[in-house]
Protein chains: 2
Amino acid sequence: MRLTHEQFRELAAKHGLAVTHQRQVVYEAVIASHGHHSPESIYAAVRRRIPSVSLATVYNNLRLFIECGLLREVTPHASTLRVDGNLEPHHHLVCSRCKSVQDIEGDLIDLKRLSRQLPAGFDLTQPLIEVFGLCRSCRAKQ
Amino acid sequence: MRLTHEQFRELAAKHGLAVTHQRQVVYEAVIASHGHHSPESIYAAVRRRIPSVSLATVYNNLRLFIECGLLREVTPHASTLRVDGNLEPHHHLVCSRCKSVQDIEGDLIDLKRLSRQLPAGFDLTQPLIEVFGLCRSCRAKQ
DNA sequence: TTATTGAACGAGAATCATTATAAACGATTG
DNA sequence: CAATCGTTTATAATGATTCTCGTTCAATAA
């Protein structure tokens, strides 16, 4: 805990973020709970240390941390359902900023190597792969 | 259009779906508009042919088509935000059914080959890759 | 240390996408 | 023709997320 404490102060300084108690605790809650967590579950953890915290504060700080690169977003798609009628094997190139999706053809992946690394029982029925980055126009805007 | 007409009747027969006018038109709207579309935009397209259609019908049928495999879902994550404090390079294995995410290590991808296929201007700042399939427990339930 | 100021916080309202419910409809079968 | 079953419609409900606004706090300089 001491470590993330220091770590957060450094990161905050580097990104010009004010170090508030709430931010510190939100950050520590994410780091302490390994895995991929929802705002609600982080809120629950933070509440144990700051009972008066508000859910909006958790959301605000998670967004802020993601934007600064202190955290990664594990759900980088558009927030509404998208469908694709193309059932041919192809992969997706997703822009982390504007959420646009482009198709790419070709075998990008070494399937043999991948299957060796898969955890037992995971079934790659239709190996759709998505690669994330910045699209041309978002990169230009930066 | 004639083609998707036939195509849909065949697909519907194969999956035991009733062929209703609304379904036909929803399916055709998705296929006709190449790309990755939201329920709202499909609704708009369908309305031009069936002004009385309801948005719920569009949602119902998109879900149905996805479950049957007539369409692919382009937003296969949990519907709530997830964050990850692990900034080390790693990739994700996502279960298309329960939306769980596991980490995998290793260079899965041939970056040289990938960069050759990238459209101009796309920036792979942090090449996070996600591979979709069925996790062990969802496969067991099938 | 204290005063100042802009940023951050908390509470709750508002918004938006999606799903559930119930009534009406339509096709099919007896 | 009546009964039935799945589909559609309209609308209500839900759930996640963002916004608003009054209050409080952290950073900075005196």
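Labels below follow one simple rule: chain letters A, B, ... track the order of the sequence lines, proteins then strands, and each chain is numbered from 1.
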**Student:** What is the 5' to 3' range of DNA chain C, first to last nucleotide, that sits under 4.0 Å from any heavy atom of chain A?
**Tutor:** C:dA8 to C:dT18
**Student:** Atom CG of B:Leu55 and atom P of D:dT8: how far apart are they, to the nearest Å?
**Tutor:** 14 Å
**Student:** Mind checking B:Thr57 for me? I need base, sugar-phosphate or nothing, with any heavy atom below 4.0 Å counting as a touch.
**Tutor:** base
**Student:** State, to 0.1 Å, how close B:Leu70 and A:Leu87 come at their nearest heavy-atom pair, and which atoms those are.
**Tutor:** O-CD1, 3.8 Å
**Student:** For nucleotides 23-30 of chain D, which of its nitrogen or oxygen atoms have a protein nitrogen or oxygen under 3.5 Å away, and what is each distance?
**Tutor:**
from   : atom 1 : to      : atom 2 : distance (Å)
D:dA27 : OP1    : A:Val19 : N      : 3.2

**Student:** Mind checking the CD-CZ spacing from A:Gln24 to A:Arg49? Nearest 0.5 Å is all I need.
**Tutor:** 7.5 Å
**Student:** Counting only N and O atoms by type, is there a donor-acceptor contact under 3.5 Å from the side chain of B:Arg23 to the main-chain atoms of B:Ala18?
**Tutor:** yes
**Student:** D:dG6 P sits how many Å from B:Arg23 CZ, rounded?
**Tutor:** 11 Å
**Student:** May I have the distance from B:Tyr59 (atom OH) to D:dT8 (atom P), rounded to whole angstrom?
**Tutor:** 17 Å
**Student:** Which part of the nucleic acid, if any, lies within contact of A:Asn61, taking any heavy atom under 4.0 Å across all strands shown: a base, the sugar-phosphate backbone alone, or nothing?
**Tutor:** sugar-phosphate
**Student:** Quick one: is B:Ser52 getting a side-chain N or O under 4.0 Å of the D:dT8 phosphate, OP1 or OP2?
**Tutor:** no
**Student:** Could you check if a side-chain atom of B:Arg82 sits within less than 4.5 angstrom of a side-chain atom of B:Lys99, using non-hydrogen atoms only?
**Tutor:** no
**Student:** Please give, in whole Å, the distance from D:dT17 P to A:Leu64 CG?
**Tutor:** 17 Å
**Student:** Rounding to a whole Å, what distance do you find between A:Tyr43:OH and D:dG15:P?
**Tutor:** 16 Å
**Student:** If you measure from CD1 on A:Ile31 to CG on A:Leu71, what distance do you get to the nearest 0.5 Å?
**Tutor:** 6.0 Å
**Student:** Measure the spacing between CD1 of B:Ile66 and CD of B:Glu73 and express it to the nearest 0.5 Å.
**Tutor:** 4.5 Å
**Student:** Tell me the interatomic distance from B:Ile50, atom CD1, to D:dT7, atom P, rounded to whole angstroms.
**Tutor:** 15 Å
**Student:** Just how far, in rounded Å, is C1' of D:dT17 from CD of A:Glu73?
**Tutor:** 13 Å
**Student:** Is a donor from one side chain sitting under 3.5 angstrom from an acceptor on the other, for A:Asp103 and B:His36?
**Tutor:** yes
**Student:** Name the nucleic acid region contacted by B:Ser38, choosing base, sugar-phosphate or nothing; use a 4.0 angstrom heavy-atom cut-off, strictly under.
**Tutor:** nothing
**Student:** For the residue pair B:Phe65 and B:Phe8, does the interplanar ring angle fall in the parallel (under 30°), tilted (30 to 60°) or perpendicular (over 60°) class?
**Tutor:** perpendicular
**Student:** Would you mind telling me which residue lines up with the more 5' stretch of DNA chain D, B:Asn60 or A:Arg63, judged by nearest nucleotide?
**Tutor:** B:Asn60
**Student:** Rounded off to whole Å, could you give me the CD-to-P distance for the A:Glu67 and D:dT18 pair?
**Tutor:** 10 Å
**Student:** A:Arg136: what forms a salt bridge (charged side-chain N to carboxylate O under 4.0 Å, His left out) with it, not counting sequence neighbours?
**Tutor:** none
